[in-house]
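Below is one structure, written out as structure tokens; comments come after it.
Labels below follow one simple rule: chain letters A, B, ... track the order of the sequence lines, proteins then strands, and each chain is numbered from 1.
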2 protein chains.
Amino acid sequence: MTLHSDLTHSLAEAEALCARKGVSLTPIRKRVLELLLDADGPVKAYDLLAQLKPGAGAAQPPTVYRALDFLVSTGLAHKVESLNAYTACIHGEEAGGPVLFICEKCGAVQEQHAHAKLKDMPEGFQLTRSVVEHYGLCANCQAA
Amino acid sequence: MTLHSDLTHSLAEAEALCARKGVSLTPIRKRVLELLLDADGPVKAYDLLAQLKPGAGAAQPPTVYRALDFLVSTGLAHKVESLNAYTACIHGEEAGGPVLFICEKCGAVQEQHAHAKLKDMPEGFQLTRSVVEHYGLCANCQAA
DNA sequence: TGTATCTTGTTATTGTATTACACTTGAGGG
DNA sequence: CCCTCAAGTGTAATACAATAACAAGATACA
């Protein structure tokens with residue numbers, strides 16, 4: 001649990017973005033986004049699932065995967081393909097594909113959005129989507 | 001089944017590379033590499049497994065995963081993280097991380113190796129490994 | 001011969017994600 | 001008001017991806 005003010009702030013932004021797009025941030029979707037925002041790094045779907053159902057009515061896998069699909073498709077979250085995990089998007093509605101820098105020690109993710117056109121693309125290749133995930137040590141973890 | 005001359009040619013190169021590195025391209029590893037080279041695009045581990053055991057002695061998952069780990073660690077193959085699939089490396093021993101261009105229509109993979117230093121890396125981030133996978137339409141598939 | 005290392009076999013299990021179908025809810029139109 | 005349609009959710013079962021743990025053969029070499 002990090003700063004709660006940040007958390008609610010981002011949730012409010014998410015609400016606004018959904019309103020603008022005409023899609024609905026339902027309680028389940030909101031809860032999942034909240035869990036992602038609250039985490040220190042990428043979170044696995046089944047970990048979300050476990051957090052989602054401490055109570056009686058046990059959530060099932062499709063519930064969390066549906067919520068994640070929604071969040072990813074609206075740009076509120078990203079899937080980290082090389083980790084099979086998910087992370088909240090901390091930018092608004094940026095153009096360009098997400099570029100993730102993931103610390104292998106502390107797990108923190110820093111996010112950028114690349115507008116850059118690729119050089120050295122194969123002749124005639126028409127780009128639609130990119131997965132870019134960089135691993136290394138973040139500035140904080142270099143001290144150790 | 002594509003041109004067999006190409007295939008054996010690449011296998012021979014793989015042999016040579018393993019010899020240079022002092023690692024052994026055992027029959028199983030060689031067979032898996034052959035299947036990867038022979039495929040039109042990335043192949044899933046369980047598809048390899050199925051191809052590996054048409055006979056009696058049924059190969060088990062660890063067999064193919066171990067072979068794949070070996071091929072990836074020696075640079076003879078790459079894992080396509082966003083597909084959970086594997087593809088043969090068509091370059092020799094290039095420096096720099098692999099950059100994959102994957103056609104969403106025909107599944108073909110074109111591969112480059114990036115030596116480029118990243119601009120706009122977060123302050124003090126020390127890079128160790130990158131996953132870069134681009135999706136789109138290859139030149140051939142644009143005609144349609 | 002002994003032993004150390006690498007490779008493979010085998011069984012079981014864990015982890016990740018989807019299919020298929022039933023049910024509810026809310027909005028808009030007759 | 002009732003109908004219907006679409007979006008969202010519940011639920012059970014299953015498919016797909018990867019690993020753990022331990023046994024056993026193979027090779028090299030002191």
Side-chain angles (χ1 to χ4, degrees), chain A residues 14-15 18-19 21-36 39 41-74 76-87 107 131 133, chain B residues 14-15 18-19 21-36 39 41-74 76-87 107 131 133:
Chain A
E15 299 266 23
C18 286
K21 290 201 176 188
V23 295
S24 60
L25 191 63
T26 65
I28 292 180
R29 293 167 177 177
K30 191 168 172 177
R31 179 88 184 98
V32 170
L33 177 56
E34 205 172 338
L35 291 171
L36 289 179
V43 190
K44 306 233 164 201
Y46 274 66
D47 291 342
L48 290 170
L49 189 56
Q51 293 182 264
L52 225 46
K53 56 167 169 185
Q60 298 299 315
T63 300
V64 68
Y65 280 104
R66 285 192 281 230
L68 287 169
D69 286 347
F70 171 85
L71 295 173
V72 169
S73 70
T74 55
L76 290 168
H78 303 297
K79 177 170 186 184
V80 185
E81 297 285 354
S82 47
L83 293 177
N84 293 322
Y86 301 82
T87 190
V131 173
E133 296 166 7
Chain B
E15 299 265 23
C18 287
K21 291 202 175 186
V23 294
S24 62
L25 190 63
T26 64
I28 292 180
R29 294 167 177 176
K30 190 167 171 176
R31 180 86 183 98
V32 170
L33 177 57
E34 205 173 339
L35 290 171
L36 289 178
V43 190
K44 306 234 166 198
Y46 274 65
D47 290 343
L48 290 171
L49 189 57
Q51 293 182 264
L52 224 47
K53 58 168 168 182
Q60 298 300 316
T63 299
V64 67
Y65 280 105
R66 286 194 279 231
L68 288 168
D69 286 348
F70 171 85
L71 295 173
V72 169
S73 70
T74 54
L76 290 168
H78 303 298
K79 177 172 185 183
V80 186
E81 296 286 353
S82 49
L83 292 177
N84 293 321
Y86 301 82
T87 189
V131 173
E133 296 166 8

- Message: Between A:Leu48 and A:Leu68, is there a side-chain heavy-atom distance shorter than 4.5 Å?
- Response: yes

- Item | B:Thr63 vs C:dG9: side-chain N/O to OP1/OP2 distance below 4.0 Å | yes

- So does B:Ser24 get a side-chain nitrogen or oxygen closer than 4.0 Å to the phosphate oxygens (OP1/OP2) of C:dC6? no

- Item | Whole-Å gap separating C1' (D:dG8) and CZ (A:Arg31) | 19 Å

- Any A:Thr26 side-chain nitrogen or oxygen under 4.0 Å from OP1 or OP2 of D:dG8: no

- Side-chain contact test, heavy atoms from C-beta onward, threshold under 4.5 Å: evaluate it for A:Ser24 versus A:Arg29 and give yes or no. yes

- Nearest of C:dT7, C:dT10, D:dG10 to any side-chain atom of A:Ile28? D:dG10

- Distance-minimising heavy-atom pair for B:Leu76 and B:Cys18: CD1-SG, 4.0 Å

- Closest heavy-atom pair, B:Leu36 versus B:Tyr86, reported as atoms and distance to 0.1 Å, is CD2-O, 3.5 Å

- Message: I'd like to know if the side chain of A:Lys44 and the backbone of A:Leu83 have a donor-acceptor N/O pair within less than 3.5 Å.
- Response: yes

- Item | Worked check of side-chain contact (heavy atoms from CB on, under 4.5 Å) between B:Asn84 and B:Lys79 | CA-CA 7 Å; B:Asn84 293 321; B:Lys79 177 172 185 183; 4.2 Å; yes

- Please work out the stems of DNA chain D from pairs that are Watson-Crick or G-U wobble with both distances under 3.5 Å, keeping only runs of three or more consecutive pairs. C:1-30 with D:1-30

Distances under 3.5 Å only, N/O to N/O: pair up the protein atoms with those of nucleotides 22-29 of chain D.
none

- Message: Any non-hydrogen side-chain atom of B:Val32 less than 4.5 Å from a side-chain atom of B:Phe70?
- Response: no

- Message: Contact between B:Tyr65 and B:Leu49 at the side-chain level, heavy atoms closer than 4.5 Å - yes or no?
- Response: no

- Note on the structure: Smallest heavy-atom separation, B:Leu35 atom then B:Gln51 atom, equals CD2-NE2, 3.5 Å

- Query: Quick one: are A:Leu71 and A:His78 in side-chain contact, heavy atoms under 4.5 Å?
  - Reply: no

Shorter than 3.5 Å, N or O on both sides, protein versus nucleotides 13-20 of chain D: list them out with atom names.
{"from": "D:dA17", "atom 1": "OP1", "to": "B:Lys44", "atom 2": "NZ", "distance (Å)": "2.9"}
{"from": "D:dA18", "atom 1": "OP1", "to": "B:Lys79", "atom 2": "NZ", "distance (Å)": "2.6"}
{"from": "D:dA18", "atom 1": "OP2", "to": "B:Tyr65", "atom 2": "OH", "distance (Å)": "2.9"}
{"from": "D:dA18", "atom 1": "O5'", "to": "B:Tyr65", "atom 2": "OH", "distance (Å)": "3.4"}
{"from": "D:dA18", "atom 1": "N7", "to": "B:Tyr46", "atom 2": "OH", "distance (Å)": "3.0"}
{"from": "D:dA18", "atom 1": "N6", "to": "B:Tyr46", "atom 2": "OH", "distance (Å)": "3.4"}

